[in-house]
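Model, not experiment: these values are computed from the prediction.
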Amino acid sequence: KSVVNWFESVRWSEGRYCPHCGSLEIYAVRSIKPMPYWYRDCRSYFSVRTGTVVRKFEGADEEMVVCHLPVRDQSQGVSSMKLHRDINVTQKTAWFMLNRVRKSWNEDGFRELLSGIVEVHETHMGGKRRNMSNRKRRELKDTGRGAVGKKAVVGARERRSRKIKARVAERTDKTPLHGMIMENVSSDALVYTDEHKHYIGMPNRHEAVRHGVSEYVRDQAHTNDIESFWAMLKRGCHGVYHHMSCKHLQRYANEFSGRAGVRGS
């Protein structure tokens with residue numbers, strides 16, 4: 001109860017209001033069921049969680065259903081297996097909770113365009129080739145090299161603020177790369193990339209370092225910051241989550257880029 005009271009004092013420091021219509025004329029529900037407050041005109045029940053990350057994704061898709069866990073049990077930053085043991089819930093409940101937090105990074109994260117000096121780079125996420133079965137390798141028609149069978153993620157990092165935007169891409173040719181840059185990077189930003197030919201012709205001012213001839217830094221031109229983010233994402237994949245499916249990879253990318261941006265700001 002004290003935890004809920006504290007959240008109410010923070011959210012409604014200037015007075016309790018209905019999050020559905022904004023009215024201040026609300027009524028307390030004595031039994032607190034189905035929720036502790038009610039507004040007569042819009043005929044809506046609500047609580048301090050309504051409209052927040054705890055409630056905002058209910059019914060958003062087939063995976064998002066109403067969560068009845070106490071406020072104190074909401075968490076993030078660990079695998080669902082560890083979380084379910086730590087807070088004594090089922091693994092499915094822990095997975096559900098973590099997915100809500102990951103989805104919130106996408107909707108409540110950094111909406112403004114990256115500006116100033118921005119590093120852009122891409123990576124490929126997937127299992128280690130040496131762990132693949134022979135059947136899987138035959139399906140990929142590959143002997144264990146390159147990006148075959150992996151999912152591409154394109155990232156942009158603002159050097160000044162360290163904010164990051166990462167997007168899963170079906171391809172890494174000119175059209176999706178330029179599209180990602182135009183959607184997330186200010187037109188007057190200076191963009192640093194590697195020598196990937198598909199970066200050529202982008203609308204921004206652009207400089208590239210030539211990794212193919214062991215050039216990794218030239219004056220201020222480098223992609224070391226965004227590559228360190230890829231290293232962190234992959235360490236999280238192998239060391240914490242152990243697997244990031246293609247279906248949920250964008251949510252994991254949102255989580256890691258959101259955390260990195262918060263730490264950098």
Side-chain angles (χ1 to χ4, degrees), residues 77 102 104-126 146-148 150-241 244 246 248-265:
R102 293 184 188 115
S104 73
W105 284 116
N106 185 45
E107 303 207 0
D108 291 339
F110 309 111
R111 291 189 173 91
E112 67 272 16
L113 297 177
L114 304 180
S115 60
I117 297 177
V118 178
E119 300 175 22
V120 177
H121 197 258
E122 74 288 340
T123 193
H124 291 85
M125 299 293 295
V148 177
K150 297 187 177 184
K151 202 72 172 179
V153 185
V154 183
R157 181 167 188 166
E158 184 179 290
R159 191 172 290 178
R160 174 180 53 82
S161 67
R162 298 185 180 181
K163 292 179 181 178
I164 296 174
K165 297 192 177 184
R167 299 290 182 266
V168 174
E170 293 297 325
R171 310 184 314 276
T172 57
D173 54 18
K174 185 174 183 178
T175 300
L177 287 179
H178 287 203
M180 189 273 183
I181 293 171
M182 293 175 66
E183 290 175 5
N184 297 284
V185 179
S186 173
S187 59
D188 58 355
L190 171 59
V191 177
Y192 291 140
T193 69
D194 60 14
E195 73 272 38
H196 191 337
K197 65 180 180 180
H198 294 306
Y199 288 121
I200 298 174
M202 71 172 66
N204 294 74
R205 292 180 297 149
H206 172 224
E207 292 186 33
V209 288
R210 302 171 63 194
H211 290 173
V213 294
S214 299
E215 181 188 55
Y216 298 99
V217 179
R218 187 184 65 253
D219 297 328
Q220 295 296 314
H222 64 78
T223 59
N224 294 343
D225 293 340
I226 186 64
E227 289 184 52
S228 69
F229 172 71
W230 297 140
M232 180 175 63
L233 177 63
K234 291 181 178 182
R235 284 197 299 271
C237 176
H238 298 310
V240 177
Y241 301 107
M244 295 180 179
C246 293
H248 299 291
L249 182 56
Q250 183 61 63
R251 291 181 179 176
Y252 285 106
N254 292 342
E255 175 187 0
F256 276 79
S257 58
R259 287 190 204 162
V262 169
R263 286 195 300 268
S265 60

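No donor-acceptor pair under 3.5 Å is formed between the side chain of E119 and the backbone N or O of G155. Under the 3.5 Å distance criterion, the side-chain polar atoms of E158 are left unmatched by any main-chain donor or acceptor of L114.
Pairs of residues two or more places apart, or lying in two chains, never qualify as salt bridge (Lys or Arg N to Asp or Glu O under 4.0 Å) while including a residue from residues 183-199.
With sequence neighbours excluded, no residue forms a salt bridge (Lys or Arg N to Asp or Glu O under 4.0 Å) with E122. Every residue two or more places apart in sequence or in another chain that forms a ring pair (Phe, Tyr, Trp, His ring centres under 6.0 Å) with Y252 is listed here: Y241. Checked against side-chain hydrogen bond (donor to acceptor under 3.5 Å, both in side chains), R205 has no partners two or more places apart in sequence or in another chain. Partners of H196 according to the ring pair (Phe, Tyr, Trp, His ring centres under 6.0 Å) rule, which considers only residues two or more places apart in sequence or in another chain, are H198, Y199. For E207, the salt bridge (Lys or Arg N to Asp or Glu O under 4.0 Å) test picks out R218, with sequence neighbours left out.
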Worked verdict on H222 versus Y216 for ring-ring contact (aromatic ring centres under 6.0 Å, His included): CA-CA 6 Å; H222 64 78; Y216 298 99; over 10 Å; no
Let me see the working for V120 and M202 under side chain to side chain contact (heavy atoms under 4.5 Å, CB included), right down to the final yes or no. CA-CA 12 Å; V120 177; M202 71 172 66; 5.9 Å; no
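Of all non-hydrogen atoms in D225 and S228, the two that sit nearest each other are O-OG, 2.6 Å. The two residues I164 and A260 make their nearest non-hydrogen contact at CD1-CB, 3.8 Å. In terms of heavy atoms, S115 sits closest to V118 at O-CG2, 3.6 Å. Of all the heavy atoms in R102 and E255, the pair that sits closest is NE-OE1, 2.7 Å. Here the closest heavy-atom approach between residue M125 and residue V153 is recorded as CG-CG2, 3.9 Å. Here the closest non-hydrogen pair linking A156 and I226 is N-CD1, 4.2 Å.
Within the model, atoms NZ of K163 and CG of L113 stand 11.0 Å from one another, a figure rounded to the nearest 0.5 Å. To the nearest 0.5 Å, atoms OG (S257) and CE (M232) are separated by 8.5 Å. Taken to the nearest 0.5 Å, the CD atom of E112 stands 11.0 Å off from the CG atom of N184. Separating the CZ atom in R159 from the CZ atom in R157 is a distance of 10.0 Å, to the nearest 0.5 Å. Here the CD1-NE2 distance, from I200 to H206, works out to 7.5 Å after rounding to the nearest 0.5 Å. Between D219 atom CG and Y192 atom OH the span is 8.0 Å, to the nearest 0.5 Å.
Residues P176 and E170 fail the side-chain proximity criterion, which asks for heavy atoms closer than 4.5 Å. Contact annotation: the side chain of T123 approaches that of K234 to within less than 4.5 Å [non-hydrogen atoms, C-beta and beyond].
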